[in-house]
Amino acid sequence: MSDTSRTPDTRTPAQIEADIKTRRATLADTLDEIGVRVHPKTIVGDAKAKVASNIDHTLGRAYVGVNRVVGDVKGQFVTEEGAPRLERIVPVALVAVGLVGLLVMGTRRRKG
């Protein structure tokens, strides 16, 4: 069955040829763009860029996290004015010295 609801094409042959040329040019541009998008170098480049972006994002988050921890630890041993908190530093230093002493004694016993 033919569709009688369509209106007849009133374009001239020259207009039809011009439309065909325009559509061919558009189609050629689209195919070129698709060719660039699916080219292996483009795909590899996009993948590298995505990985680099993810690494930068992860490193940035890690830096912020480490910075926060360092700030928290520093806050335990230094006042807001920047003065050392000896009541916290001295016990930690004594424990550290004790642990080093135990390690040294342990290695001397093994050698002797």
Side-chain angles (χ1 to χ4, degrees):
M1 281 202 257
S2 66
D3 188 2
T4 57
S5 65
R6 287 189 176 177
T7 58
D9 194 355
T10 58
R11 297 178 295 168
T12 65
Q15 290 172 326
I16 294 172
E17 286 178 18
D19 287 347
I20 290 172
K21 271 187 175 177
T22 302
R23 288 185 183 188
R24 279 185 182 160
T26 303
L27 181 59
D29 289 344
T30 302
L31 290 174
D32 288 344
E33 185 179 332
I34 290 171
V36 169
R37 285 184 186 180
V38 299
H39 193 278
K41 286 184 180 180
T42 303
I43 293 170
V44 169
D46 290 348
K48 283 181 181 178
K50 188 173 183 177
V51 167
S53 173
N54 287 340
I55 288 172
D56 287 347
H57 180 72
T58 301
L59 289 176
R61 288 179 53 193
Y63 177 79
V64 168
V66 167
N67 222 7
R68 185 177 301 128
V69 169
V70 168
D72 291 346
V73 170
K74 183 179 176 185
Q76 297 296 316
F77 296 103
V78 179
T79 64
E80 290 179 13
E81 295 82 32
R85 292 183 175 181
L86 294 178
E87 71 278 3
R88 293 187 179 172
I89 293 173
V90 171
V92 171
L94 290 174
V95 168
V97 167
L99 287 174
V100 169
L102 288 173
L103 289 172
V104 168
M105 287 175 47
T107 57
R108 285 188 181 178
R109 286 186 182 169
R110 289 184 201 155
K111 288 182 182 178

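Keep in mind that what you see is a predicted model, and the values were worked out from it rather than measured. Computation of the quantities below employed the complete heavy-atom set of this structure, encompassing side-chain atoms and omitting hydrogens, waters and symmetry-equivalent molecules.
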Looking at every non-hydrogen atom in both residues, tell me the closest pair between [X] and [Y] and how far apart they are.
X    : Y    : result
I16  : D9   : CD1-OD2, 4.0 Å
V104 : T107 : O-OG1, 2.8 Å
R88  : V92  : O-CG2, 3.3 Å

With rounding to the nearest 0.5 Å, note down the distance linking [atom1] in [X] to [atom2] in [Y].
X   : Y   : atom1 : atom2 : result
E17 : R11 : CD    : CZ    : 11.0 Å
K50 : D46 : NZ    : CG    : 10.0 Å
I89 : L94 : CD1   : CG    : 12.0 Å
I34 : D29 : CD1   : CG    : 11.0 Å
T58 : N54 : OG1   : CG    : 6.0 Å

Note to self: Any salt bridge linking R37 with E33? Criterion: basic side-chain nitrogen under 4.0 Å from a carboxylate oxygen.
What the structure shows: yes
Are any non-hydrogen side-chain atoms of [X] and [Y] less than 4.5 angstrom apart?
X   : Y   : answer
V38 : T42 : no
Y63 : N67 : yes
P84 : V78 : no

Checklist line | Under 3.5 Å: donor-acceptor pair, side chain of S53, backbone of A49 | finding: no
Margin query: Grouping I, L, V, M, F, W and Y whenever their side-chain heavy atoms are under 4.5 Å apart, do V51 and L59 come out in a common cluster?
Written below: yes
Check: So, R85 and Q76: side-chain donor and acceptor under 3.5 Å apart, yes or no?
Finding: no
Next item on the list: Applying side-chain contact (heavy atoms from CB on, under 4.5 Å), name anything that partners V69, two or more places apart in sequence or on another chain.
Entry: V73
Check: Considering residues at least two apart in sequence or located in another chain, which fulfil the side chain to side chain donor-acceptor pair (under 3.5 Å) criterion with T79?
Finding: E81
